[in-house]
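There's a structure below that I have some questions on.
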Amino acid sequence: MESQILPFKEIFKNKIFRIPDYQRGYSWEESQLEDLWADLSNIHLSNNAYHFTGILTVNNFSDDDFISLGKEGFSELIDNDKKVVLINGETYTPCNLVDGQQRLTTILILLSLLLKKLRDEAVRLQYSRRYFFMYDNGNKYLFGYHVDVPSHNYLIREIFEDVNYQQEETETLYTHNLDFAKNFFNQKLEEYSQNNIKDLITKITDRLLFSVLNLSEASGNNLDISMVFETLNFRGKQLSGLERFKNRVLYLLSKQSLSQTKIESTRKDINKTWLEIYKWLGRNPDPKKVMDDDAFLKAFWLLYFSKDTMVAKNFKAYQKNLFEND
C-alpha cells in the first residue's frame, strides 16, 4: 500500500487510533506549539492554501490490542476475515500510531477547544462525533492511548473535558505537557469571534494534509515496530535518552527466547517502572523545574554501571556506553 495524502477530515473516516505502550507520552513544548500555530496562521482560506502537516505512520492491531480496546467497551467482530469494531452500526478499523501522535494529539486538543466555543450545538456535535468520539452507550473515543496508559483517562477527562470518563489519579510529566498545550491554545483563542473559530476549524479539517502509511500493509509482518518508532523519532523532537532506553529494553525483551506469557508479564513490569519514573519526574507542577529526563538517566547509569576505573570522558559519553555496552 502506498502512502496516501489526506486532509485531516478524512483521517478518522472509519478508523480508530490508539497510541501503543512503547511510545513516549505527550512531549510537545511551547516551541512546537508555536510552530503549529504559525502554520495555521499562514493558511489563507481566500487563496485556497493548504499545508502539508507531516506523516502519520500506523500499523494494524494485534490480538492483545483488541483486548485492550475491549476494556473501553468496544465490540469486536469479524468482517471479511478482518477484525473490526462496531459503532452505531458502522465498522471501524483500529490502528496503532507508530509516528505522528504528537502532532495529531496537539491538533485534537486545539480542535476540542474550538468546538467548545461554538454556539451552534448541532454543528459542535457533528464535528466532535466525526473527529474524536462517537456516542454509543457512552462516549467511545476514536483517538487516545491504550486504556492501561494513564495519559488515556487524563486526555479524555481533563483535556477533552468528558466528566463522565474515569478520573486518572496518576499525573506525570506527560500529563503536565497535555495541560500546558491546552492552556497555550486557550490563551490564543481568548479574543476569537465565532467567525474566527469557524475559519480555524475549516483550516484544520480541510487544509491540513497528512501522508498516511500503514506499515502492516506496506511490508507484511517483517518489521519490528518498536525499532521503526525509534528510527522515525530521530527527526522532529527527538526521543530523550530515557524514552529511547525504555524502547530499547522493550526491543531486547522481544528478542528473548521466553514464553509469550513471560514476555507479556515483563513488558507490563517495564511499563509500570517507567510510569513510576515519570510520575516522580512530574511531581513538580512547574514544568520548567521538572528534573530533565537525561539527568535522571545519567544518575541511574552512574549508580548501576559506573566503575572505579572510569574517567571523566566516560561520564560525558554515558548514553553511548549504556546503549552500546551495558
Begin from the C-alpha positions of H152 and F143 and carry the test ring pair (Phe, Tyr, Trp, His ring centres under 6.0 Å) through to its verdict.
CA-CA 9 Å; H152 181 71; F143 179 85; 9.1 Å; no
Minimum side-chain heavy-atom gap Q101-Y145 below 4.5 Å
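They are in side-chain contact.
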Consider only side-chain N and O atoms of H176 and Y26, and report whether a donor and an acceptor are under 3.5 Å apart.
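Checked: H176/Y26 side chains show no N/O donor-acceptor pair below 3.5 Å.
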Can you name the residues that form a ring-ring contact (aromatic ring centres under 6.0 Å, His included) with F66, not counting sequence neighbours?
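Counting only residues at least two positions away or on another chain, F66 forms a ring-ring contact (aromatic ring centres under 6.0 Å, His included) with F61.
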Kindly compute the distance separating CD1 (I5) from OG1 (T53), expressed to the nearest 0.5 Å.
10.0 Å
Indicate yes or no: does E34 engage K188 in a salt bridge with an N to O separation below 4.0 Å.
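Salt bridge present between E34 and K188.
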How would you list all residue pairs meeting salt bridge (Lys or Arg N to Asp or Glu O under 4.0 Å) that involve residues 190-201, not counting sequence neighbours?
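The answer is none; no pair qualifies.
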Are Y304 and W301 in one and the same hydrophobic cluster, where Ile, Leu, Val, Met, Phe, Trp and Tyr link if side-chain heavy atoms are under 4.5 Å apart?
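Yes; tracing contacts between hydrophobic side chains, which count when under 4.5 Å, links both residues.
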Residue pair N14 / T93, side-chain heavy-atom distance below 4.5 Å
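No, every pair of side-chain atoms sits at 4.5 Å or beyond.
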Y278 side chain reached by L242 side chain, heavy atoms, under 4.5 Å
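Side-chain contact under 4.5 Å: yes.
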Residues at least two apart in sequence or cross-chain that pass side-chain contact (heavy atoms from CB on, under 4.5 Å) with S41, listed by chain then number, are W37
With sequence neighbours left out, write down each residue that passes salt bridge (Lys or Arg N to Asp or Glu O under 4.0 Å) with E264, or none if nothing qualifies.
none
Aromatic ring centroids of Y92 and F74 under 6.0 Å?
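Distance test on ring centres: not under 6.0 Å, no.
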Test of understanding: with side-chain contact (heavy atoms from CB on, under 4.5 Å), list the residues that count as partners of E276, not counting sequence neighbours.
K279, W280
Please name all residues satisfying side-chain contact (heavy atoms from CB on, under 4.5 Å) with T261, sequence neighbours left out, ordered by chain then number.
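side-chain contact (heavy atoms from CB on, under 4.5 Å) list for T261, sorted by chain: S259.
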Would you list the pairs meeting salt bridge (Lys or Arg N to Asp or Glu O under 4.0 Å) in which at least one residue belongs to residues 201-216, sequence neighbours left out?
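Salt bridge (Lys or Arg N to Asp or Glu O under 4.0 Å) check on residues 201-216 returns K9-D206.
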Using distance alone, with no hydrogens and no angle criterion, decide if Q4 and S211 have a side-chain donor and acceptor under 3.5 Å apart.
no
Any donor-acceptor N or O pair under 3.5 Å, side chains E243, S240
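E243 vs S240: donor-acceptor pair found between side chains.
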Take L250 and R267 through the side-chain contact (heavy atoms from CB on, under 4.5 Å) test and state the conclusion after the steps.
CA-CA 7 Å; L250 289 171; R267 189 182 187 97; 3.6 Å; yes
For residues 178-186, tabulate all N or O donor-acceptor pairs below 3.5 Å that involve a side-chain atom, not counting sequence neighbours.
residue, atom, partner, partner atom, Å
D179, OD1, Y154, OH, 3.4
D179, OD2, Y154, OH, 2.4
K182, NZ, E158, O, 2.8
K182, NZ, E161, OE2, 2.7
N183, ND2, D179, O, 3.3

Residues that S68 engages under side-chain hydrogen bond (donor to acceptor under 3.5 Å, both in side chains), provided they are two or more places apart:
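S68 satisfies side-chain hydrogen bond (donor to acceptor under 3.5 Å, both in side chains) with H146 only.
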Would you tell me whether N153 and Q167 have side-chain atoms, one donor and one acceptor, within less than 3.5 Å of each other?
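Judged by distance alone, the side chains do not pair up.
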Is it the case that the side chains of D65 and N96 hold a donor-acceptor pair, with the cut-off being a distance below 3.5 Å and no angle test?
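Their side chains do contain a donor-acceptor pair, which is all the 3.5 Å distance test asks for.
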Nearest heavy-atom neighbours spanning L118 and V123
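For L118 and V123, the tightest heavy-atom pair comes out as CD1-CG1, 4.1 Å.
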Pairs where residues 117-127 contributes a residue and the test side chain to side chain donor-acceptor pair (under 3.5 Å) is met, not counting sequence neighbours:
none
Using the side-chain hydrogen bond (donor to acceptor under 3.5 Å, both in side chains) criterion, which residues pair with T266? Sequence neighbours excluded.
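Counting only residues at least two positions away or on another chain, T266 forms no side-chain hydrogen bond (donor to acceptor under 3.5 Å, both in side chains).
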Using side-chain contact (heavy atoms from CB on, under 4.5 Å), reason through L36 and I107 one step at a time and then give a plain yes or no.
CA-CA 9 Å; L36 177 64; I107 291 169; 4.1 Å; yes
Any side-chain heavy-atom pair from L297 and F300 closer than 4.5 angstrom?
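SC-SC contact between L297 and F300 confirmed.
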Hydrogens and angles aside, do K246 and N271 bring a side-chain donor and acceptor to less than 3.5 Å of each other?
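A donor-acceptor contact under 3.5 Å links the two side chains.
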Once ring-ring contact (aromatic ring centres under 6.0 Å, His included) is applied, do any residues pair with F17, and if so which ones, sequence neighbours excluded?
F12
To the nearest 0.5 Å, how far apart are CG in L142 and CD1 in I16?
6.0 Å
